[in-house]
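Residue numbers run from 1 in the order of the sequence given. In each ligand, atom 1 is the first atom listed, and ligand 1 is the first ligand listed.
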Amino acid sequence: MSTTASTGQRHSYGNYIDGKETASQSGEVFVSINPTTGRPWGTFSQSGATDVDHAVNAAQAALKGPWGRLSPSAKGRLLIAWGEAIAENAQAIAMHETEQNGKLLTEMQAQAKIVKDWLFYFGGLADKVEGRVIPLERASVLNYTLREPLGVIGVIVPWNSPTLISIMSMAPALAAGNTVVLKPSEITSASAFDLAALAESVGIPAGVINVVTGARETGDALVSHPGVAKIVFTGSEQAGRSIAAKAGGRLAACTLELGGKSANIVFDDARLDQAEAGVLAGIFAAAGQTCIAGSRAYVHRKIYDQFVDRIVRRAKQIKLGDPRLPATQMGPVATRAQLDKDLTMVAQALEDGAQILCGGKRAEVAGLEDGLFFEPTIFHETKPGDRIMNEEVFGPVLCITPFDDDEEVLALANGTRFGLAAGMWTCSLQRAHSFAKRLEAGTVWINMYRALAFNSPFGGYKASGLGRVNGAEAIEQYLQTKSVWCELGSEVQDPFVLRL
Ligand code: NAD
């Protein structure tokens with residue numbers, strides 16, 4: 001297949017609009033950095049409002065034209081074919097992502113391979129979007145509903161899982177019949193072009209998926225564009241608040257997938273080997289750069305000292321290095337700004353009186369002296385009001401706190417403005433399901449952590465988001481309902497009486 005993804009080699013990109021790659025109107029570009037080496041990786045178009053306008057116009061034309069004319073089954077088949085093409089090119093896509101965000105190649109490969117499941121699932125749902133016939137009191141009237149797409153969907157994604165999050169957002173939107181303008185993160189823009197090229201290669205019409213690159217200003221132009229019916233945003237709480245306010249100002253809908261400060265609770269009846277692995281995975285996998293990071297661990301006092309010793313010992317053994325190598329367990333953090341944030345938040349935690357058990361500094365990796373590595377870091381003796389306990393670090397920084405009873409730990413776990421996820425480790429069924437009900441989080445894991453599936457809804461409670469991705473309910477977020485009324489009888493309506 002002669003697609004961008006299969007070549008996998010280029011390092012210079014324009015925007016992808018209406019099936020053509022074009023430079024931004026201003027001709028300005030920006031450079032992305034490989035965080036493992038600290039060196040430039042590639043150049044991308046710095047897009048402004050005019051470029052966004054072109055992309056939205058192309059998406060609107062595709063909606064009224066070739067995409068709009070395809071049957072739902074035909075659209076679904078194209079999404080399934082796209083999924084197969086992405087899986088075949090997973091290696092090239094994953095390499096682009098690892099070279100731009102520093103996450104382990106094995107993780108980016110797994111994500112690039114598995115997104116086909118999202119496209120198969122939502123492709124299969126495309127022709128199962130059905131209206132209803134409403135049994136009205138008035139028997140002479142036929143009333144039914146039509147489920148219609150919203151229009152052009154603006155998709156704004158972060159850098160930590162670019163392909164997975166782009167597909168999680170686009171698959172239900174396209175299955176519902178919408179078209180898309182995708183703005184990838186300025187840190188990891190390359191894989192969006194792989195996805196677009198592969199969509200084109202399987203016959204998804206030009207204009208259905210458009211890609212505009214740039215940073216916040218480009219995203220802002222997309223959010224503000226009157227031709228965009230809905231924004232699906234995944235990213236930080238701060239940006240989410242600003243996007244929701246702006247979209248709300250012009251009455252456009254939003255799905256928001258934001259940050260978290262998730263609790264991981266270890267009870268004294270837990271299988272400690274499983275809990276240990278789960279707490280480590282929760283915070284040090286992906287160098288803590290996941291929205292679902294289990295950054296607050298609560299451990300029952302009876303097992304606290306023993307558990308903390310085990311976790312600290314394992315954290316000190318984590319192998320930092322080149323994320324492309326299979327032996328590496330933790331790569332660099334993605335950007336200089338993220339490294340600075342990790343350092344600042346560690347300093348704040350110390351100021352607030354927390355005690356450090358390991359890490360806390362930039363890490364040196366032989367041969368990768370300019371790489372943005374950060375030591376796996378663990379604090380204890382933090383207080384609920386400390387900044388480190390309330391703000392998302394998005395880095396490999398864990399806070400461990402002891403607790404004495406269930407009610408106490410429930411209040412601690414829920415004592416955050418976030419509500420993305422929570423984990424717990426216990427052998428008591430009663431406690432597990434009672435906590436599952438009372439934890440204020442969109443996802444609750446029992447004796448497991450950091451799992452996700454195409455058919456299980458995902459999203460945040462409280463400040464972690466609005467709406468859901470994944471699962472059958474995700475497609476509902478990209479549809480609007482029309483109610484159609486038809487008088488079948490010969491009765492003449494009284495013009496001055498409302499028909500109820
Ligand atoms: P970010 O908010 O800085 O940027 C995300 C995207 O939004 C980027 O494409 C960026 O260019 C764009 N953007 C930023 N400000 C904008 C604005 N005001 N208007 C329009 N666009 C704007 O986030 P990030 O640093 O790329 O990603 C990390 C954040 O994403 C973390 O907070 C993490 O928890 C969150 N996240 C959430 C989920 C989830 O599913 N809930 C998944 C992954 C990451």
One finds that the ligand 1 atoms under 4.0 Å from a non-hydrogen atom of I165 are 42 (C), 43 (C)
Which pairs, with at least one residue in residues 239-252 and sequence neighbours excluded, count as a side-chain hydrogen bond (donor to acceptor under 3.5 Å, both in side chains)?
D220-K246, E237-R241
Is P184 in contact with ligand 1, taking contact as a heavy-atom separation below 4.0 Å?
yes
Pull out every atom of ligand 1 sitting under 4.0 Å from any heavy atom of I243, numbered as shown with elements.
19 (N), 20 (C), 21 (N)
Can you list the atoms of ligand 1 that are under 4.0 Å from a heavy atom of A239?
2 (O), 14 (C), 15 (N), 16 (C)
In terms of relative ring orientation, are Y13 and F193 parallel, tilted or perpendicular, with 30° and 60° separating the classes?
tilted
Can M108 and N101 be said to form a side-chain contact (heavy atoms from CB on, under 4.5 Å), step by step?
CA-CA 10 Å; M108 303 329 287; N101 68 8; 3.8 Å; yes
Shortest non-hydrogen contact between T382 and A354, atoms and distance
CG2-CB, 3.6 Å
Within-cut-off N or O pair, V157 and ligand 1, under 3.5 Å:
yes
I'd like to know whether L182 forms a side-chain contact (heavy atoms from CB on, under 4.5 Å) with S166, so could you lay out the CA-CA distance, the side-chain angles of the two residues, the decisive distance to 0.1 Å, and finally the verdict.
CA-CA 8 Å; L182 169 65; S166 298; 3.8 Å; yes
Could you tell me which atoms of ligand 1, counted from 1 in the order shown, lie closer than 4.0 angstrom to a heavy atom of D220?
19 (N), 20 (C)
At what distance is the nearest protein heavy atom to atom 13 (N) of ligand 1, and which residue and atom is it?
R216 CA, 4.2 Å
Ignoring angles and geometry beyond distance, decide whether F458 reaches within less than 3.5 Å of ligand 1 through its nitrogen or oxygen atoms.
no
Can you report which non-hydrogen protein atom sits closest to atom 35 (C) of ligand 1, along with the distance?
G235 O, 3.2 Å
N/O to N/O below 3.5 Å, does that happen between T234 and ligand 1?
no
Is NZ or CZ of K230 both nearer than 6.0 Å to the six-membered ring centre of Y478 and within 45° of the ring axis?
yes
Just go through L222, L258, V223 and tell me whose heavy atom is the nearest to atom 41 (N) of ligand 1.
L258
Would K103 and E107 pass as an ion pair if we require N to O under 4.0 Å?
yes
Starting from atom 42 (C) of ligand 1, find the nearest protein heavy-atom neighbour and note its residue, name and distance.
C291 SG, 3.1 Å
Consider every N or O of K183 and every N or O of ligand 1, then say whether any pair is closer than 3.5 Å.
yes
Is a side-chain donor-acceptor pair under 3.5 Å present for S24 with Q46?
no
Backbone, side chain, both or neither: what part of E186 comes under 4.0 angstrom of ligand 1, heavy atoms only?
side chain
For atom 12 (C) of ligand 1, the protein heavy atom that lies nearest, with its residue and separation
I156 CG2, 3.7 Å
Are Q109 and Q91 linked by a side-chain donor-acceptor pair shorter than 3.5 Å?
yes
Any idea which heavy atoms bring H11 and W41 closest together, and the distance?
ND1-O, 2.8 Å
Is a donor from one side chain sitting under 3.5 angstrom from an acceptor on the other, for S191 and E97?
yes
Do E237 and ligand 1 have an N or O pair less than 3.5 Å apart?
no
Using modelled atom types only, decide if a donor and an acceptor are shared between the side chain of N210 and the backbone of D18 within a distance under 3.5 Å.
yes
Side chains of T163 and Q111: any donor to acceptor distance under 3.5 Å?
no
Atom 33 (C) of ligand 1 sits nearest the protein heavy atom F394 CE1, 3.2 Å
For ligand 1, is there an atom lying under 4.0 Å from some heavy atom of S242?
yes
Is any N or O atom of S464, backbone or side chain, closer than 3.5 Å to an N or O atom of ligand 1?
no
Give yes or no for whether the N/O distance cutoff of 3.5 Å, strictly under, is met between N160 and ligand 1.
no
So for A215, does at least one of its heavy atoms come nearer than 4.0 angstrom to any atom of ligand 1?
yes
With heavy atoms of G219 as the reference, note each atom of ligand 1 found under 4.0 Å away.
20 (C), 21 (N)
Minimum-distance protein heavy atom relative to atom 32 (O) of ligand 1
E392 OE1, 2.5 Å
Any donor-acceptor pair under 3.5 Å from Q25 side chain to D51 backbone
no
Among protein heavy atoms, which sits nearest to atom 25 (O) of ligand 1, and what does the distance come to when rounded to 0.1 Å?
W159 NE1, 3.0 Å
What residue and atom, counting heavy atoms only, is the protein's closest point to atom 3 (O) of ligand 1, and at what distance?
S236 OG, 4.0 Å
Is the closest side-chain donor-acceptor distance between W67 and N178 under 3.5 Å?
no
